[in-house]
Amino acid sequence: MSGWSEQELERVGRATELQVSSRRTDGSLRPFVTIWVVRAGDELYVRSAYGTDNPWFRRATISGRGRIQAGGIERDVVFEVPEGDVHSAVDAAYHSKYDRYGPRIVGSVVGQTAAAGTLRLLPD
């Protein structure tokens, strides 16, 4: 189990958008950035549209900790690069949830290139 309650998984997983913030070295939070979030099984994942050089993604991977807001849930989190082959399940979750926005937009968060920008969100 991921440490999320079923209610948190449902509410965050259903949210169209998620606000994400990483922690600075002094522990304060950076400004929130709006991104997409998906649930795959009992885990929550985010991906960096347009690659790993996206500033929010770089800051999240360097700090490793932050906070999210989505679906009425606000929670401190750990950003973790997922191990194993979760990428096909994450791709499927993005397609299922966001295909209505069209292939160009969804294409920025699915596929082999997008997989490198995947982070698992774990409650802190």
Side-chain angles (χ1 to χ4, degrees):
M1 185 78 180
S2 65
W4 296 103
S5 72
E6 184 60 30
Q7 180 184 28
E8 290 171 321
L9 286 168
E10 284 187 30
R11 290 175 67 183
V12 175
R14 275 195 327 248
T16 302
E17 295 180 327
L18 174 134
Q19 303 292 314
V20 62
S21 172
S22 58
R23 292 211 175 269
R24 295 181 175 101
T25 55
D26 68 3
S28 64
L29 289 169
R30 295 183 182 281
F32 283 92
V33 174
T34 303
I35 60 174
W36 285 350
V37 60
V38 295
R39 177 182 179 178
D42 288 337
E43 304 285 355
L44 296 170
Y45 296 92
V46 294
R47 279 189 171 162
S48 176
Y50 311 112
T52 57
D53 287 334
N54 200 319
W56 80 261
F57 183 85
R58 284 195 331 263
R59 291 188 298 263
T61 55
I62 290 168
S63 99
R65 288 189 152 54
R67 182 171 293 160
I68 62 159
Q69 300 171 339
I73 303 292
E74 182 165 351
R75 189 85 190 257
D76 288 334
V77 295
V78 173
F79 303 110
E80 177 183 278
V81 175
E83 295 180 10
D85 186 20
V86 301
H87 301 297
S88 60
V90 173
D91 280 352
Y94 271 102
H95 280 297
S96 175
K97 188 172 180 181
Y98 296 109
D99 267 357
R100 67 183 182 267
Y101 294 105
R104 182 170 178 230
I105 295 171
V106 175
S108 70
V109 290
V110 297
Q112 189 173 23
T113 302
T118 306
L119 294 174
R120 180 185 349 254
L121 302 175
L122 299 169
D124 191 8

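Side chains of Tyr98 and Ile105 form no contact here, defined as non-hydrogen atoms less than 4.5 Å apart. When side chains are defined from C-beta on, Leu121 does not count as touching Tyr45, because their heavy atoms never get closer than 4.5 Å. At least one side-chain heavy atom of Thr118 sits under 4.5 Å from a side-chain heavy atom of His87. Side chains of Val33 and Gln19 form no contact here, defined as non-hydrogen atoms less than 4.5 Å apart.
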* To do: Mind running side-chain contact (heavy atoms from CB on, under 4.5 Å) on Val38 and Leu44 for me, showing each step along the way?
  => CA-CA 6 Å; Val38 295; Leu44 296 170; over 6 Å; no
* What's the verdict on salt bridge (Lys or Arg N to Asp or Glu O under 4.0 Å) for Arg67 and Asp124, showing C-alpha distance, side-chain angles and the deciding distance? -> CA-CA 9 Å; Arg67 182 171 293 160; Asp124 191 8; over 6 Å; no
* To do: Using the side-chain contact (heavy atoms from CB on, under 4.5 Å) rule, take Val77 and Leu122 through it: C-alpha gap first, then chi angles, then the decisive distance, then the call.
  => CA-CA 5 Å; Val77 295; Leu122 299 169; over 6 Å; no
* For the pair Arg47 and Val90, evaluate side-chain contact (heavy atoms from CB on, under 4.5 Å) and give the outcome as yes or no after the intermediate values. => CA-CA 9 Å; Arg47 279 189 171 162; Val90 173; 3.5 Å; yes
* To do: Tell me, with the steps shown, if Ser22 and Trp56 meet side-chain contact (heavy atoms from CB on, under 4.5 Å).
  => CA-CA 8 Å; Ser22 58; Trp56 80 261; over 6 Å; no
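A pairwise comparison of heavy atoms in Pro123 and Arg75 identifies CB-NH2, 3.2 Å as the closest pair. Closest approach of Ala15 and Gly71 over heavy atoms only: CB-N, 3.7 Å. Ala60 and Phe79 get closest at one heavy-atom pair: O-CD1, 3.6 Å. Considering every non-hydrogen atom in both Ser21 and Leu29, the closest pair reads OG-CB, 3.5 Å.
The closest donor-acceptor contact from the side chain of Lys97 to the backbone of Val37 lies under 3.5 Å. Between the side chain of Asn54 and the backbone N or O of Ala49, at least one donor-acceptor pair lies under 3.5 Å. A donor-acceptor pair under 3.5 Å is formed between the side chain of Glu8 and the backbone N or O of Ser5. The backbone N or O of Val78 sits nowhere less than 3.5 Å from a side-chain atom of Arg65 that would complete a donor-acceptor pair. One N or O on the side chain of Thr61 and one on the backbone of Phe57 form a donor-acceptor pair closer than 3.5 Å.
A salt bridge between Asp53 and Arg58 is absent, with no side-chain N of the basic residue lying under 4.0 Å from a carboxylate O of the acidic one. Using a 4.0 Å cut-off between charged side-chain N and carboxylate O, Asp42 and Arg39 make a salt bridge.
The 12-atom threshold is exceeded at CD of Glu74, counting heavy atoms of other residues, nucleotides or ligands nearer than 6.0 Å. Counting heavy-atom neighbours within 6.0 Å of Arg104 CZ, excluding the residue itself, gives a total of 12 or less.
Aromatic ring centres of Trp36 and Tyr101: separated by under 6.0 Å.
Under the 3.5 Å distance criterion, with hydrogens and angles disregarded, no donor-acceptor pair is assigned to the side chains of Ser63 and Arg23. Glu17 and Thr34 share no side-chain donor-acceptor pair at under 3.5 Å.
For the atom pair CD1 of Ile68 and CG of Leu18, the computed distance is 5.0 Å after rounding to the nearest 0.5 Å. Rounding to the nearest 0.5 angstrom, the gap separating the CD1 atom in Ile73 from the CD atom in Gln7 is 5.5 Å.
A single hydrophobic cluster is not seen to contain both Phe32 and Ile62; linkage of ILVMFWY side chains at heavy-atom distances under 4.5 Å, directly or through other members, places them apart. Note on Val86 and Val109: same hydrophobic cluster, where clusters join Ile, Leu, Val, Met, Phe, Trp and Tyr whose side-chain heavy atoms are under 4.5 Å apart, directly or indirectly.
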